[in-house]
Amino acid sequence: MGKKSSVLEGNLVIVESPAKAKTIENFLGTDYIVKSSYGHIRDLSKADFGVDINNKYKPDYIVSSDKKEVVKDLKNLVANVKTVWLASDEDREGEAIAWHLYDELGLTKENTKRIVFHEITKDAILNAIKTPRSIDINLVNAQQARRVLDRLVGFELSPLLWKKVKPSLSAGRVQSVAVRLLVDREREVHAFEPIASYRVTALFLVEDEKGKVTELKSELSKRFDTLEETKAFLENCIDAVFTVSKVEKKPLTKKPAAPFTTSTLQQEASRKLGFSVAQTMSVAQKLYESGKITYMRTDSVNLSELALNMAAKQITDNMGEQYVKIRKYKTASKGAQEAHEAIRPTYLDQQTIAGSSAEQRLYEMIWKRTIASQMSDAQLEKTIIHINAGNTGEHFNASGEIIKFDGFLKVYIESSDAENEHDEDNDSLIPPLNEGDELNMQIVEARQRWSQKPPRYTEASLVRKLEELGIGRPSTYAPTISTVQNRGYVIKEDRDGEERHYKSLIINEGKVVVSDKTEITGAERHKLFPTDIGIVVNDFLVKHFENILSFDFTAKVEKEFDEIATGHLEWTQSIDDFYKPFHQLVEDTLEHSEKSVGEREMGTDPASGKPIIVRIGRFGPLAQIGDSSDENDKPRFASLRKGQLLETITLEEVLDLFKLPRSLGEFEGKEVVIGIGRFGPYIRHNSKFVSLKKDVDDPYEIDLDTAIQRIITKREEDEKKLILSFDEEPDLQVLNGRWGPFIKFEKGNYKIPKDKVAETLTLEECRAIIKNDTSVNKGKVKATAKTATVKVAAKKKTTAKKPAAAKATKKSVKK
DNA sequence: CAGTGAGCGAGCTTCCGCTTGACTT
């Protein structure tokens with residue numbers, strides 16, 4: 001101030017994230033104000049693609065409605081400072097954010113500086129301030145090309161689906177490929193034919209000099225194809241002498257995994273903590289906001305010098321110098337832009353933190369992974385023992401690992417995706433043995449095994465696959481996974497396994513005993529399955545837009561974007577080359593393709609001789625007997641059930657669908673009907689529903705007497721729930737629910753005020769409580785309430801105010 | 001929560017990437 005009071009002083013630094021702003025403000029002096037843009041401030045308008053197709057694809061940008069306030073505040077600040085430092089991330093999107101800020105805030109070359117840093121440390125920030133540059137317009141153009149391409153693809157393909165498949169569907173460069181991966185995998189799973197073989201194992205007892213006995217587990221080096229061969233081999237084992245023929249020892253080193261990126265964090269949190277990818281991101285966000293970890297949306301495995309020093313000190317202090325090995329990791333993922341550090345604890349001297357249990361567990365995992373990444377290799381020794389099985393010509397292998405030096409294993413063991421249905425424990429300790437030693441055979445047994453089907457994707461493994469293909473970004477992995485589920489293309493669920501019979505053989509009292517056993521196989525937990533609508537949409541898109549649905553489409557356009565970024569290609573030219581033929585293809589498809597409902601002819605109904613088809617109907621996949629051309633003879637319909645697909649359902653299964661609902665007769669003068677609903681098989685009687693007993697009652701077999709029993713049991717249970725009822729008002733009841741007593745009236749539930757005792761309420765008091773209840777949940781059936789609120793919200797607001805509708809959708813989707 | 005399955009054809013839906021909040025059971 002003072003001398004040149006007429007000239008503006010002071011600095012405004014704009015970053016993307018408010019948490020980052022707070023940290024940086026502490027690094028810089030008082031003449032720096034640091035504010036956040038909260039990501040992008042502008043986007044394409046929604047009308048007419050937000051792009052002028054006929055005018056060199058000129059984008060029509062508008063300030064997003066939730067950023068109006070942010071932009072206003074920034075404008076006010078800009079007016080009062082001398083220099084504005086645009087400090088958005090150093091990648092394509094970050095450069096575009098800087099450019100949008102420059103444009104929207106009305107900045108000039110004279111008062112604006114563009115700075116970048118890859119880590120939030122004081123040195124990095126001060127260094128950045130010393131070396132400002134100007135906005136890289138080529139990089140901005142690469143982003144514009146990316147944005148416009150995604151808009152054109154999404155807004156051309158989606159409406160095509162509305163016409164050819166079903167309204168409200170969506171397609172896009174990222175989501176459609178994600179769905180394709182799932183559909184392809186599902187088909188592989190269905191086409192898979194397991195191959196059976198016989199695995200032979202043997203258990204020996206080894207006694208050392210001191211008389212201590214250890215078990216030695218081993219497996220035959222080959223598997224047999226047939227029961228006969230296996231049995232013959234086992235018979236030969238009965239009197240065989242087992243000798244150690246070879247003792248192999250080899251050193252083994254294991255290296256720690258790189259520090260976490262968004263994708264690896266999601267995978268590991270899924271495997272070790274059972275988090276969904278969305279859950280991982282929201283917990284990580286909390287940790288980030290409270291300053292406990294660095295930024296959680298990153299594709300970089302890089303750690304700052306500061307972090308490396310902290311890690312070295314931590315490891316030395318707690319475990320000793322021999323455990324330290326500072327490493328620089330290189331990113332493996334395609335198209336990584338590395339604008340941030342890897343995900344790491346802000347302060348590595350804090351091994352644990354305060355917070356919710358989820359926060360603590362995720363933090364601890366991040367801490368361990370970070371520390372382990374800077375630790376020495378583990379040194380192991382692998383021992384393999386070959387054991388001759390008499391004169392059979394075959395040998396058993398026993399293997400084990402001993403840790404010579406634990407290194408990083410002291411802290412962190414990375415998990416793997418392999419779903420070992422049969423755990424092979426080869427980590428057992430191997431007793432000291434020498435060539436020629438004779439072994440004391442305890443057990444030789446064999447069992448039938450099958451080759452494994454390809455694994456279905458989990459949320460996290462799908463993210464990993466997308467990252468591998470360079471599709472999507474750290475900020476979009478979780479939202480993409482949600483989108484494909486919200487559109488009904490994909491469902492995450494558990495599926496029961498199936499019973500499978502297998503042969504088991506064992507040597508018992510000098511004889512080979514063969515027995516039949518059963519196991520449950522193929523059960524799935526939290527896996528992603530494509531739905532019929534997902535499959536139909538996918539097939540439609542793959543058929544007509546193979547190019548966009550191909551797994552390397554993104555990689556190809558990324559190459560173009562790189563050329564734009566280096567100034568070797570005009571972005572509008574690149575878009576034009578893509579759009580012209582693409583648009584033509586959309587037009588052709590619109591005109592020439594049939595409506596796609598996944599229809600499949602199943603054959604004829606043996607009872608009526610009418611044709612049976614399956615297809616997608618208004619309310620989802622259905623089976624239909626007869627066609628609708630005959631007005632007097634309407635077709636019969638039945639919905640497909642959970643787990644059934646149009647593509648794989650059999651005629652027999654379809655016919656089963658029409659066996660329900662079926663009437664069993666009457667009870668107390670009212671019909672007893674068996675059906676299958678959204679929550680499984682049920683009994684309907686007197687307009688009340690009773691669930692069948694899981695795994696006990698078969699809806700096709702259950703008889704009237706059993707059904708009546710279930711009805712009576714349900715009545716008794718309900719009575720226990722009932723606290724009060726009134727003869728004058730049969731619709732009103734005081735019930736004991738999951739969250740304590742409440743009043744049920746017509747279709748609404750009402751909370752009982754704390755000062756009232758449920759058991760002593762009068763009808764008048766109940767009515768008063770209902771009248772005064774202000775909560776939203778009044779007498780609405782949930783399913784209809786959901787869609788209703790969404791629609792009302794969308795209608796009330798003007799088109800400019802979309803977020804209200806978006807929020808409502810988000811909310812209803814959460815449950 | 002558990003039946004439905006064609007339609008007057010209004011007006012709506014939709015993309016990907018940056019960011020955080022504000023909602024309830």
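Within every chain, numbering begins at 1; the chains are lettered A, B, ... in the order of the sequence lines, protein sequences first and strands thereafter.
- In this structure, the CD atom of A:Glu69 is 18 Å from the P atom of B:dT20, given to the nearest Å.
- Only the P atoms considered, B:dG21 is 23 Å distant from B:dG17, to the nearest whole Å.
- Taking atom NZ of A:Lys68 as the reference point, atom C1' of B:dT19 lies 17 Å away to the nearest angstrom.
- Candidate nucleotides B:dC15, B:dA2, B:dT20 were compared by shortest atom distance to the side chain of A:Gln175, and B:dC15 ranks first.
- With hydrogens and angles ignored, no donor-acceptor pair closer than 3.5 Å exists between the side chain of A:Arg636 and the base of B:dG5.
- Nearest to the side-chain atoms of A:Ser170 among the listed nucleotides B:dC18, B:dG17, B:dC15 stands B:dC15.
- In this structure, the CG atom of A:Leu466 is 11 Å from the P atom of B:dC16, given to the nearest Å.
- Taking atom CG of A:Leu640 as the reference point, atom P of B:dA2 lies 18 Å away to the nearest angstrom.
- Between A:Phe637 and B:dT4, no base-stacking contact is recorded for ring centres under 5.5 Å apart and planes less than 30° from parallel.
- Using a 4.0 Å cut-off between a side-chain N of Lys or Arg and a carboxylate O of Asp or Glu, A:Lys292 and A:Glu359 do not qualify as a salt bridge.
- Atom-to-atom, NZ of A:Lys166 to C1' of B:dG5 comes out at 13 Å; the value is rounded to the nearest Å.
- Look at A:Phe155 and the base of B:dC15; the rings do not stack under the cut-offs of 5.5 Å between centres and 30° between planes.
- Nucleic acid contact for A:Arg151: base, since at least one base atom lies under 4.0 Å from a heavy atom of the residue.
- Here A:Arg615 lies in heavy-atom contact (under 4.0 Å) with sugar-phosphate atoms only.
- Across the protein-nucleic acid pair, A:Ile14 atom CD1 and B:dT19 atom P stand 15 Å apart, rounded to whole Å.
- Comparing B:dC18, B:dG5, B:dT13 by their nearest atom to the side chain of A:Ile97 picks out B:dC18.
- Along DNA chain B, the nucleotide nearest A:Ile471 and the nucleotide nearest A:Leu157 are compared for position; the residue whose nucleotide lies closer to the 5' end is A:Leu157.
- Exactly one residue among A:Leu181, A:Thr554, A:Asp552 makes a side chain to side chain contact (heavy atoms under 4.5 Å, CB included) with A:Leu469. That residue is A:Leu181.
- For A:Pro159, whose side chain is taken as the heavy atoms from C-beta onward, the closest listed nucleotide among B:dT4, B:dT14, B:dC18 is B:dT14.
- The distance from atom CZ of A:Phe658 to atom C1' of B:dG5 is 11 Å, rounded to the nearest whole Å.
- For A:Arg684, whose side chain is taken as the heavy atoms from C-beta onward, the closest listed nucleotide among B:dT19, B:dT14, B:dG3 is B:dG3.
- Closest approach to the A:Pro18 side chain among B:dC16, B:dT14, B:dG21 is made by B:dG21 (side chain taken as heavy atoms from C-beta onward).
- The listed nucleotides are B:dT20, B:dG5, B:dC16; the one nearest the side chain of A:Ser17 is B:dT20.
- Residue ring and base: A:Phe689 counts as stacked with B:dA2 (centre distance below 5.5 Å, interplanar angle below 30°).
- In this structure, A:Glu156 atom CD and B:dT14 atom P are separated by 17 Å, rounded to whole Å.
- Picking from B:dC16, B:dT13, B:dC18 the nucleotide with the shortest atom distance to the side chain of A:Arg147 gives B:dC16.
- In this structure, A:Arg487 fails the cation-pi test against A:Tyr489, since its NZ or CZ atom is not both closer than 6.0 Å to the six-membered ring centre and inside 45 degrees of the ring normal.
- Classified by interplanar angle (parallel below 30°, tilted 30° to 60°, perpendicular above 60°), the ring pair A:His340/A:Tyr295 is tilted.
- At a cut-off of 3.5 angstrom, counting only N and O atoms as typed in the model, there is a donor on one side and an acceptor on the other between the side-chain of A:Arg146 and the base of B:dC16.
- Nucleotides B:dT24 and B:dT20, compared at atom P, are 23 Å apart to the nearest Å.
- With B:dG17, B:dC18, B:dG3 as the choices, the nucleotide that has an atom nearest any side-chain atom of A:Glu16 turns out to be B:dC18.
- Classification of A:Glu558 and A:Arg92 as a salt-bridged pair holds, one side-chain N sitting under 4.0 Å from a carboxylate O.
- Under 3.5 Å, the side chains of A:Ser170 and A:Gln175 contain a donor-acceptor pair of N or O atoms.
- As judged by a 4.0 angstrom heavy-atom cut-off over every strand, A:Val174 is placed among residues touching the sugar-phosphate backbone only.
- Across all strands shown, A:Glu289 has heavy atoms under 4.0 Å from sugar-phosphate atoms exclusively, and none from any base.
- Nearest nucleotide to the side chain of A:Tyr295, out of B:dG17, B:dT20, B:dA6: B:dT20.
- For the pair A:Arg173 and A:Phe553, the NZ or CZ position fails the cation-pi test of under 6.0 Å to the six-membered ring centre and within 45 degrees of the ring normal.
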